[in-house]
Chemist: 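Can you keep this structure in mind? I'll have questions shortly.
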Amino acid sequence: TIFDFDKLEYDAGSRGPARRDHAAAVLGKFMLIHGGISHESAALSNDFNLYNLEQDCWCELKVFGCERPALSHHKLASTAKKYRKPNRYNENCASEEFYMFGGKTQEGTSVNTLYRIRLEGVSAVRVEKIDAKRAPMPRFEIVWNSSKLDTLVHGGKTHEETSSKRSYRGVFHDIHLFDTTKEIWLEPTIGGYPTTVRFGMASVSIGSAVVVFGGCNASHFHDGDLY
């Protein structure tokens, strides 16, 4: 469904592959989606689909590169890198790559694998696994948003209800940054209002800020928190 802010109305748009709990992100005039739970069998999907926002059409992409498990409850984010060379498919695009992180496998196991994803034209993607040190603990239903050249991970949940200095009963409150230029993980010292354990929240990038709303902790919903 497409919402037009100028007309203040919904448009049904063209039908894409039905699923839920998938990952999605926008790069220029394209929206990329991956995985999720199929409406037909409740099995996890492992495909990539591209939606053209200008032409209102879908395309299932060929996939090259490394193997990856089918995932749900994971995240995609596009970066603020500039194209090294002109790209006739994305001439209005400020980003070069997507990064995909976290999620759950078909067996229900949470993961912390990080992938770099590049569009190759409008018919294929190339997937590369990034083995960066000091990655966050495995988790799903996280905040995963890009701001400039960094991508932020916050919160999320693991399939094991364990507690540590970063989590309570399997729900995390920590914050990590992934530097997309050096491709290294950072765990910065955070000031200001203390973060609380949460998962299943919504988040958006606005300039240099990431805004987070709602979510749950280990036992109940948060009271409409916004930070």
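Values in this document were obtained by computation on a predicted structure and should not be read as measured data.
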Chemist: For the rings on Phe30 and Tyr51, is their centre-to-centre separation under 6.0 Å?
Modeler: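 Centroid distance Phe30-Tyr51: not below 6.0 Å, so no.
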
Chemist: Could you tell me which non-hydrogen atom of Val171 sits nearest to which non-hydrogen atom of Cys216, and how far apart they are?
Modeler: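 Shortest heavy-atom separation between Val171 and Cys216 comes out as CG1-O, 4.3 Å.
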
Chemist: Would you call the rings of Trp144 and Trp185 parallel, tilted or perpendicular, where under 30° means parallel and over 60° means perpendicular?
Modeler: tilted

Chemist: Return the orientation label for the His34 and Phe48 ring planes: parallel under 30°, perpendicular over 60°, tilted otherwise.
Modeler: tilted

Chemist: What distance do Ile190 atom CD1 and His154 atom NE2 have between them, rounded to the nearest 0.5 Å?
Modeler: 10.0 Å

Chemist: Within the 3.5 Å criterion, strictly below it, is a donor on Glu107 or Thr109 matched to an acceptor on the partner's side chain?
Modeler: no

Chemist: Please round to the nearest 0.5 Å and tell me the distance separating atom NZ of Lys157 and atom OG of Ser110.
Modeler: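 Output value for this atom pair is 8.5 Å.
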
Chemist: Do Arg68 and Val127 have side-chain heavy atoms sitting under 4.5 Å apart?
Modeler: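 In contact.
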
Chemist: Which heavy atom of Val212 sits nearest a heavy atom of Ser203, and at what distance?
Modeler: CG2-CB, 4.1 Å

Chemist: Do Ile117 and Leu76 have side-chain heavy atoms sitting under 4.5 Å apart?
Modeler: yes

Chemist: Do Glu120 and Lys62 meet the salt-bridge criterion of a basic N to acidic O distance under 4.0 Å?
Modeler: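 So Lys62 does not pair with Glu120 through a salt bridge.
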
Chemist: Show your working on side-chain contact (heavy atoms from CB on, under 4.5 Å) between Phe178 and Leu186 and close with a plain yes or no.
Modeler: CA-CA 6 Å; Phe178 181 72; Leu186 306 169; over 6 Å; no

Chemist: So, Glu141 and Arg198, do they make that salt bridge, N to O below 4.0 Å?
Modeler: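 No salt bridge links Glu141 with Arg198.
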
Chemist: For Thr196 and Asn217, run side-chain contact (heavy atoms from CB on, under 4.5 Å): C-alpha distance rounded to whole Å, both residues' side-chain angles, the deciding distance at 0.1 Å, then the answer.
Modeler: CA-CA 8 Å; Thr196 57; Asn217 62 23; over 6 Å; no

Chemist: Just wondering, are more than 12 heavy atoms of other shown residues or ligands nearer than 6.0 Å to CE in Met137?
Modeler: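 No, the 6.0 Å shell around CE holds no more than 12 heavy atoms from other groups.
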
Chemist: Cut-off 3.5 Å, side chains only: do Thr79 and Thr180 have a donor facing an acceptor?
Modeler: no

Chemist: Between Glu187 and Arg166, is a salt bridge (Lys or Arg N to Asp or Glu O under 4.0 Å) present by the stated rule, with each step listed?
Modeler: CA-CA 11 Å; Glu187 190 170 7; Arg166 295 182 175 87; 2.9 Å; yes

Chemist: Thr162 and Ser167: which non-hydrogen atoms are nearest, and at how many Å?
Modeler: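 Shortest heavy-atom separation between Thr162 and Ser167 comes out as O-OG, 3.6 Å.
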
Chemist: Can you find a pair of side-chain heavy atoms, one from Thr195 and one from Ile175, that are under 4.5 Å apart?
Modeler: yes

Chemist: For residues 156-175, pull every pair meeting ring pair (Phe, Tyr, Trp, His ring centres under 6.0 Å), keeping only residues two or more places apart or in separate chains.
Modeler: none

Chemist: Might you point out which heavy atoms bring Leu71 and Gly102 nearest each other, and give the distance in Å?
Modeler: CD1-O, 3.9 Å

Chemist: Does NZ or CZ of Lys104 fall inside the cone over Phe140's six-membered ring, less than 6.0 Å from its centre and within 45° of the axis?
Modeler: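 Here Lys104 passes the 6.0 Å and 45° test against Phe140.
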
Chemist: Spell out, yes or no, whether Leu50 and Tyr115 are grouped together once hydrophobic residues are joined by side-chain heavy atoms under 4.5 Å, including indirect joins.
Modeler: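 In one cluster: yes.
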
Chemist: Give the intermediate values and the outcome of salt bridge (Lys or Arg N to Asp or Glu O under 4.0 Å) for residues Asp150 and Lys182.
Modeler: CA-CA 10 Å; Asp150 291 325; Lys182 299 178 181 178; over 6 Å; no

Chemist: Are Met100 and Leu119 in one and the same hydrophobic cluster, where Ile, Leu, Val, Met, Phe, Trp and Tyr link if side-chain heavy atoms are under 4.5 Å apart?
Modeler: yes

Chemist: How long is the span from the CZ atom in Arg20 to the OG atom in Ser72, to the nearest 0.5 Å?
Modeler: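 Going from the CZ atom of Arg20 to the OG atom of Ser72 covers 8.0 Å.
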
Chemist: Given side chains that start at C-beta, do those of Glu128 and Arg118 come closer than 4.5 Å, heavy atoms only?
Modeler: yes

Chemist: Do Ser38 and Arg19 have side-chain heavy atoms sitting under 4.5 Å apart?
Modeler: no

Chemist: Charged N to carboxylate O below 4.0 Å: is that the case for Asp56 and Arg15?
Modeler: no

Chemist: Starting from Ile33, can I reach Leu53 by hopping between I/L/V/M/F/W/Y residues whose side chains sit under 4.5 Å apart?
Modeler: yes

Chemist: Determine whether His22 and Ile37 make a side-chain contact, defined as any pair of heavy atoms from C-beta on separated by less than 4.5 Å.
Modeler: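 A side-chain contact is absent here, since even the closest heavy-atom pair is not under 4.5 Å.
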
Chemist: Over all heavy atoms of both residues, which pair between Asp47 and Ser45 is shortest? Give the atoms and the distance, please.
Modeler: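 Shortest heavy-atom separation between Asp47 and Ser45 comes out as OD1-CB, 3.4 Å.
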
Chemist: Within a strict 4.5 Å, meaning less than it, do heavy atoms of the Glu183 and Thr181 side chains meet?
Modeler: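 Contact flag for Glu183/Thr181 side chains = no.
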
Chemist: Among the clusters formed by ILVMFWY side chains lying less than 4.5 Å apart, do Ile142 and Val210 turn up in the same one?
Modeler: no

Chemist: When rounded to the nearest 0.5 angstrom, what distance separates NZ in Lys29 from CG in Leu27?
Modeler: 11.0 Å

Chemist: May I ask you to test the Thr151-Asn145 pair for a side-chain heavy-atom distance under 4.5 Å?
Modeler: no

Chemist: Please report the closest heavy-atom contact between Trp58 and Met31, naming both atoms and the distance.
Modeler: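 So the minimum-distance heavy-atom pair works out to CH2-CE, 3.8 Å.
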
Chemist: Is it the case that one hydrophobic cluster holds both Val143 and Phe101, taking links as side-chain heavy atoms less than 4.5 Å apart, direct or via other members?
Modeler: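 Hydrophobic grouping puts Val143 apart from Phe101.
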
Chemist: Output, in order, the C-alpha distance, side-chain angles, deciding distance and verdict of side-chain contact (heavy atoms from CB on, under 4.5 Å) for Thr113 and Lys129.
Modeler: CA-CA 8 Å; Thr113 313; Lys129 182 179 177 181; 3.7 Å; yes

Chemist: Could you tell me whether a side-chain N or O of Ser163 sits under 3.5 Å from a main-chain N or O of Arg169, the two making a donor and an acceptor?
Modeler: yes

